[in-house]
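The model shown is predicted, which means the values in this text are computed figures rather than measured ones.
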Amino acid sequence: MIKENYDQILNEIGEDVTVIAVTKYHSTEEALEAYEAGVRNFGENRIEGFMEKREVIPRDGEMHFIGTLQSRKVKDVIDDLHYLHSLERKSIAKRIEQYAQHEVKCFIQVNVSGEETKHGLEPSAVKDFLETLEKYSKVKVIGLMTMAPETDNEDEIRNCFKTLRELRDELSETYPSITELSMGMSNDYKIAVEEGATFVRIGSKLMGR
């Protein structure tokens, strides 16, 4: 089932977009099934789930932390972490610098929709935040991440993704390493890809409910 889902998603979006299998509601067996299907990127938003999956996924599988990371937990995951999708606080950057043995690829989380329930910086605050990160050699900001509002209004969703893309384009003139866009989930990844997503975070549509 996961194999068919994965093939269908690739068919829809092409090979150039990185598909992250969000395995937070799924067992290690299901994560391995996704690996066998060809998935090489796995996303978790809880430390326990992250550690469980890291133990079983072969070493060429890359681990993405897509939830809010607490400062005191950074040291627990940092050596196994390839990508952090939720950088929004200097305290996390400091901990990465302190504990990481390697450069960690980070996305700055941006709250484009302005919803109070969502984490992330306001778009206008991202540039100043980037300046504060320049002294941390282990923190490599490669892109921006956002979550669209939960709505059936496609224009609203599209506008959210488009705003993030425009912000990325603007920032990349000063910070050429910022090339990636992590946006789009099971219900809106096609719109995200149309608007320039380079990473999509897909749970139920890939892994099943």
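Relative orientation of the Phe107 and His85 rings is parallel, given thresholds of 30° and 60° on the angle between their planes.
Side-chain contact check for Leu130 versus Val126: some heavy-atom pair is nearer than 4.5 Å. For the pair Ile108/Phe129, a side-chain contact is recorded, criterion being any heavy-atom separation below 4.5 Å from C-beta on. Counting heavy atoms from C-beta outward, Phe50 and Leu81 have side chains that approach closer than 4.5 Å. Side chains of Tyr83 and Ile142 form a contact here, defined as non-hydrogen atoms less than 4.5 Å apart. The closest side-chain heavy-atom distance from Thr68 to Asn45 is not below 4.5 Å. For the pair Tyr136/Lys90, a side-chain contact is recorded, criterion being any heavy-atom separation below 4.5 Å from C-beta on. Inter-residue side-chain proximity for Leu171 and Leu144 is flagged as met; some heavy-atom pair is nearer than 4.5 Å. Residues Ser27 and Leu32 form no side-chain contact, since every pair of their non-hydrogen atoms from C-beta on lies 4.5 Å or further apart.
Taking CD1 of Ile47 as the reference point, atom CZ of Phe65 lies at 4.0 Å (rounded to 0.5 Å). Of the inter-residue distances, the one linking Asp155 atom CG with Asp152 atom CG reads 12.5 Å to the nearest 0.5 angstrom. For the atom pair Thr198 OG1 and Arg168 CZ, the distance stands at 7.0 Å (nearest 0.5 Å). For the atom pair Glu33 CD and Thr28 OG1, the distance stands at 12.0 Å (nearest 0.5 Å). Between Ile92 atom CD1 and Arg95 atom CZ the span is 8.0 Å, to the nearest 0.5 Å. Going from atom NZ of Lys105 over to atom CD of Glu103 covers 8.0 Å, rounded to the nearest 0.5 Å.
The salt bridge (charged side-chain N to carboxylate O under 4.0 Å, His left out) pairs that include a residue from residues 185-209 are Glu12-Lys190, Arg158-Glu194, Arg158-Glu195, Arg165-Glu195, where partners are two or more places apart or lie in different chains. Sorted by first and then second residue, the salt bridge (charged side-chain N to carboxylate O under 4.0 Å, His left out) pairs with a member in residues 37-55 read Arg40-Asp60, Glu44-Lys53, Arg46-Glu48; sequence neighbours excluded. Contacts classified as salt bridge (charged side-chain N to carboxylate O under 4.0 Å, His left out) and involving residues 119-137 (residues at least two apart or in different chains) are not found. Sequence neighbours left out, not one pair with a member in residues 170-180 passes salt bridge (charged side-chain N to carboxylate O under 4.0 Å, His left out).
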Checklist entry - Given Leu10 and Val17, is the side chain to side chain contact (heavy atoms under 4.5 Å, CB included) satisfied, shown in steps? => result CA-CA 8 Å; Leu10 290 183; Val17 180; over 6 Å; no
Item to check | Tyr189/Val19 under side chain to side chain contact (heavy atoms under 4.5 Å, CB included): CA gap, chis, key distance, verdict | outcome: CA-CA 10 Å; Tyr189 67 89; Val19 175; over 6 Å; no
Checklist entry - For Ile191 and Glu154, what are the C-alpha separation, side-chain angles and deciding distance, and is it a side chain to side chain contact (heavy atoms under 4.5 Å, CB included)? => result CA-CA 8 Å; Ile191 302 172; Glu154 208 169 285; 3.2 Å; yes
Next on the checklist: One pair to check against side chain to side chain contact (heavy atoms under 4.5 Å, CB included): Ile96 and Cys106. What are the steps and the verdict?
Outcome noted: CA-CA 10 Å; Ile96 292 172; Cys106 295; 4.1 Å; yes
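With a 6.0 Å radius and a threshold of 12 heavy atoms from other residues, nucleotides or ligands, Asn153 has its CG atom above the threshold. Within a 6.0 Å sphere centred on CE of Met147, heavy atoms belonging to other residues, nucleotides or ligands number 12 at most. Within a 6.0 Å radius of NZ in Lys118, more than 12 heavy atoms belonging to other residues, nucleotides or ligands are found.
The minimum heavy-atom distance linking Asn41 with Val39 is given by the pair O-CG1, 3.4 Å. Here the closest heavy-atom approach between residue Glu156 and residue Pro149 is recorded as OE2-CG, 3.9 Å. The two residues Ile2 and Glu30 come nearest to each other via the heavy atoms CD1-O, 3.6 Å. When all heavy atoms of Leu206 and Asn5 are compared, the pair lying nearest together is O-ND2, 2.9 Å. Smallest separation of non-hydrogen atoms from Gly43 and Ile66: C-CD1, 4.1 Å. Contact between Leu164 and Val112 at its shortest, heavy atoms only, is CD1-CG2, 3.9 Å.
At a threshold of 4.5 Å between side-chain heavy atoms, the hydrophobic network of Ile, Leu, Val, Met, Phe, Trp and Tyr places Val77 and Val56 in one connected group. In this structure, Met183 is not a member of the same hydrophobic cluster as Ile20, with clusters built from ILVMFWY side-chain heavy atoms closer than 4.5 Å. Residues Ile57 and Tyr6 fall within the same hydrophobic cluster, defined by Ile, Leu, Val, Met, Phe, Trp and Tyr side chains chained together at heavy-atom separations under 4.5 Å. If you chain together hydrophobic residues whose side chains sit under 4.5 Å apart, Ile202 and Leu181 fall into the same group. Leu69 and Val104 fall within a single hydrophobic cluster, where Ile, Leu, Val, Met, Phe, Trp and Tyr are joined by side-chain heavy atoms under 4.5 Å apart, directly or via other members.
Clustering of Ile, Leu, Val, Met, Phe, Trp and Tyr by side-chain heavy atoms under 4.5 Å joins Tyr25 with none of the others. Alongside Met1, the hydrophobic cluster contains no other residue (criterion: ILVMFWY side chains under 4.5 Å).
The main-chain N or O of Ala100 is found under 3.5 Å from a side-chain atom of Lys138 such that the two form a donor-acceptor pair. Between the side chain of His26 and the backbone N or O of Gly208 there is at least one donor-acceptor pair closer than 3.5 Å. Under a 3.5 Å cut-off, the side chain of His82 and the backbone N or O of Met63 do form a donor-acceptor pair. A donor-acceptor pair is defined here as one N or O able to donate and one able to accept, closer than 3.5 Å; no such pair exists between the side chain of Ser86 and the backbone of Gln109. No donor-acceptor pair under 3.5 Å is formed between the side chain of Glu166 and the backbone N or O of Thr163.
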